[in-house]
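Report on one structure; see the data block that follows.
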Amino acid sequence: MAETRFVYADNAATTKISDAVFDAMVPWLKEGYGNPSSIYRKGDEAARAVLKAREQVAAALGAEPREIYFTSGGSEADNWAIKGVAHTFAKKGKKHIITSVFEHHAVLHTCDALRKEGFEITYLPVDDMGLVSVEDVKNAIREDTALVSVMYANNEIGTVQPISEIGALCHERKVLFHTDAVQAVGNLPIDVKAQQIDLLSLSAHKIHGPKGVGALYCRRGILLPNLIDGGGQEGGHRAGTENVAGIVGLGVAITKAMETLPERAARLRALRDRLIDGLLPIERCRLNGDREKRLPGNVNISFEGVEGESLLLTLDAHGICASSGSACTSGSLDPSHVLLAIGLPAEVAHGSLRLSLSDDTSEEDVDYMLSVIPGVIEKLRAMSPLWERIISEK
Amino acid sequence: MAETRFVYADNAATTKISDAVFDAMVPWLKEGYGNPSSIYRKGDEAARAVLKAREQVAAALGAEPREIYFTSGGSEADNWAIKGVAHTFAKKGKKHIITSVFEHHAVLHTCDALRKEGFEITYLPVDDMGLVSVEDVKNAIREDTALVSVMYANNEIGTVQPISEIGALCHERKVLFHTDAVQAVGNLPIDVKAQQIDLLSLSAHKIHGPKGVGALYCRRGILLPNLIDGGGQEGGHRAGTENVAGIVGLGVAITKAMETLPERAARLRALRDRLIDGLLPIERCRLNGDREKRLPGNVNISFEGVEGESLLLTLDAHGICASSGSACTSGSLDPSHVLLAIGLPAEVAHGSLRLSLSDDTSEEDVDYMLSVIPGVIEKLRAMSPLWERIISEK
Amino acid sequence: MLYSDKVMDHFTNPRNVGELADANGIGEVGNAKCGDIMKMYIKVDKGVITDVKFKTFGCGAAIATSSMATEMIKGKTIEDALKLTNKAVVEALEGLPPVKIHCSVLAEQAVRAAVADYYKRLGIDPGPIVGEIGDCHACSHDE
Ligand SMILES: Cc1ncc(COP(=O)(O)O)c(C=O)c1O
Ligand SMILES: Cc1ncc(COP(=O)(O)O)c(C=O)c1O
Ligand code: FES
Ligand code: FES
């Protein structure tokens, strides 16, 4: 086995801020401290920086700058979009929302909260490849449906949903369409107009931007009630002194990501495929999620007889940062709702490993992971009574 | 007149990040990019940094770490506290909230939103010194009162409210008490237990910390519904990947501010008083807000016959950043609700100037402001028909 | 997750891992659905546990508590081994995060299950000696 190397393969959890983003942020953490709402020059400079970032985010999505609202991250954007639409349409008697069973918790728990308030939620199933069916969306839409919210790409298994088709369907049926694109932005081409997306959530820290800043795209003409009331920031729609440095960082991060998307995605896909092909020969393992309709940097494999947390801790000892769908890592009792949704038995879901790559991942990193992981699986299986049972049963 | 100097005297709007805070943040913007929820060491390090900051904020307030919830700023904390308490108590039939007429918009507009939902809001008046009366609070409390929310110190005129007395009263009457302490934290001693405060909002960027991060103190035992649902961050009460660098910055900023509070406040008070005493001799001007019960760094003076925006722009040309209660600076039509609340006629409110000092303000800065402002007032009055009228009437 | 150094030590270098060919007591507890199965092998000679090995499918805490439990009962009499509590294991590991306490319960139960099996093989009803092994209290999953 190779010498220990540090390999960060958890880019779907968060990414390292790129040098370009950091350098762009520093002036706003130092001398550019003016409040964008202030009328003197120091305030105006900050306001211009925020405006520029708004233009950058808009350009990356094919939106208009005034359709972009900065938030504290993806979770706030999801909450705002879904609760906002729900409460607006409830007044018109429309209290039905459609989403999928395998959304991020920022969407699922928001829908749960609305359910407790009296809204009705349809949770669409996903097939064993991790895809939502447009037909299912179609059948679920009712007279009183206020919103369809389906994620652009899943954060655990990386599957990319038929967003354009759902957009067209919702448009035709005159139902608003929100997509949580936190994992998709920067990794897949997006055009909110062509794809007929009404609301879209994104987060900076998944694309080499800072943590604690994100945005909601809200199509012109849709009036959402505020989630955070107060000052006149964001056109009076989202109060709070702007996180200028963070917003500037988001602007630079999204611009860099979208500018070079085809090359970057191609490189990531090649790394991803080499990793998948190198791991799949391991006995009794399976790739989770569709192989083609998949984020360029996502690998998610279940190894039978292995428990995720101990796998992660062992990999950490080898310098590899990764994540898992095991309940044990989260302190909850049930393993990942995403893996259960695609039909994995709980005991197999426990043994899943997500390796998520980014621009920071090198060929050598992939080599290293391929040299380490099989041995780690073998070692853990050697001490696993579950593996013993699986082997003896076969 | 002295040579132009740059003087930032708008520290109540926002402050410059201190070197100590910036230096503490940088590692978390660079190599410390792990997600605090991840179990490998890189995640754990981030989790420990967040925990340390939580302990720092708790220590500064006399609270326990688990009573501190990080937010994206003061506005979010205000919204969460007030909407959360309102919606919880509404279920028990308590739909009355008491606040004051001169709260920050993050509180006022939140109350307005609740009013539209069917809550009843009592807006307590303030006297001409800018103080809320405990007697008024007492008389306003009813059987169905869910919450009293009175700011610790006003952001425009700097008046410090009788928080301990209101705390004791609310405690006795078994009504929850929230205070927006965004302007108070770091400038006044605070002890949430001794003062019987149930909920308190604060923001980092007012105390030489970063923009886009704040905290809500929520006394143990009070269960607020989430404003932002999703992942398990903040004990499951506030979702979203933590803004680690920002949170670390808040921890350092509040620690520095509280550690040296008596010396810092004494120095600020001396600067403030020199500024007030130097400006008050100007003809037809008045200090707004109680002179004693006042934030150490707040000066707010109205100059008759002068309009705020032109005053600010002229001062900006002289290198001085300040703010005003003029409607013109905010694009709205009415001048500051705070200045109207203390009984200023609209035309006087328009001519108000807020100079807010901080640790970055030097004696020379005060000298410079005293050398510049009288001349600027004179110049603007010379071209003001309103001044002409005032003079002729006297 | 904030595991103690001791937990990490026992996780990284688990003591007494493996199977025991000449074991005369084997106990298995846990549930794969919850992500935890512990199997304990003991060799009892004249009332003393002379050797012990374990295999565990589970989290870091599950592996570390198994390892620690084997160390704590090795060389002890059966009576002493039955006195081992999950609390003692947690203390020896310098603490566990609250959500991981159930993993230590599993270690205590695995020891008792192995002793029960030892008595059963001798034709002795383990019930009165070992007592109820009980289920994991953390969940309601049934096998
Ligand atoms: C009294 C008061 N409350 C709330 C806020 C809002 O804080 P933030 O800008 O961090 O949302 C401010 C400042 O803007 C303030 O002065
Ligand atoms: C799909 C998805 N949605 C929402 C979020 C939440 O974003 P944030 O952490 O910025 O609140 C994440 C990541 O955490 C995500 O992967
Ligand atoms: S084995 Fe699942 S939490 Fe310990
Ligand atoms: S058997 Fe331990 S949590 Fe279910």
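Heavy atoms only: backbone and side chains are in, while hydrogens, waters and symmetry mates are out. Proteins come first, then strands; the chains are lettered A, B, ... in the order of their sequence lines, and each starts at number 1.
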Would one find more than 12 heavy atoms of other residues, nucleotides or ligands at under 6.0 Å from atom CD of A:Glu378?
-> no
Roughly how far, to the nearest 0.5 Å, is CD of A:Glu347 from NZ of C:Lys33?
-> 7.0 Å
What do you reckon, is CD of C:Glu79 surrounded by more than 12 foreign heavy atoms closer than 6.0 Å?
-> yes
Toward chain C, the part of A:Ala382 with a non-hydrogen atom under 4.5 Å | backbone
Applying a strict 4.5 Å limit to non-hydrogen atoms, the region of C:Ile37 in contact with chain A is both
Cut-off 4.5 Å, heavy atoms of chain C, and the answer for A:Val348 is neither
With a 4.5 angstrom heavy-atom cut-off, could you sort out which part of C:Pro14 is near chain A: side chain, backbone, both or neither?
-> side chain
Can you tell me how far the CE atom of C:Met8 sits from the CG atom of A:Leu313, to the nearest 0.5 Å?
-> 5.0 Å
Minimum heavy-atom distance C:Gly58-A:Ser310, with the two atoms named | O-OG, 2.9 Å
For the residue pair C:Cys59 and A:Glu307, establish whether any side-chain heavy-atom pair is separated by less than 4.5 Å.
-> yes
Side chain / backbone / both / neither for C:Ala62 at chain A, heavy atoms under 4.5 Å | neither
Steps toward side chain to side chain contact (heavy atoms under 4.5 Å, CB included) verdict (A:Ser384, C:Lys55) | CA-CA 5 Å; A:Ser384 163; C:Lys55 277 178 122 182; over 6 Å; no
Within a reach of under 6.0 Å around CG of C:Asp22, are more than 12 heavy atoms found that belong to other residues, nucleotides or ligands?
-> yes
Got more than 12 heavy atoms from elsewhere within 6.0 Å of NZ, C:Lys6?
-> no
Name the member of A:Pro345, A:Ala317, A:Gly305 that forms the most heavy-atom pairs with chain C at distances under 4.5 Å.
-> A:Gly305
To the nearest 0.5 Å, what is the distance between CE (A:Met383) and OG1 (C:Thr56)?
-> 6.0 Å
Can you tell me if A:Glu309 uses its side chain to pair, donor with acceptor, with the backbone of C:Gly60 under 3.5 Å?
-> yes
Show the numbers, then the answer: is there a side chain to side chain contact (heavy atoms under 4.5 Å, CB included) between A:Leu380 and C:Phe57?
-> CA-CA 8 Å; A:Leu380 289 169; C:Phe57 162 79; over 6 Å; no
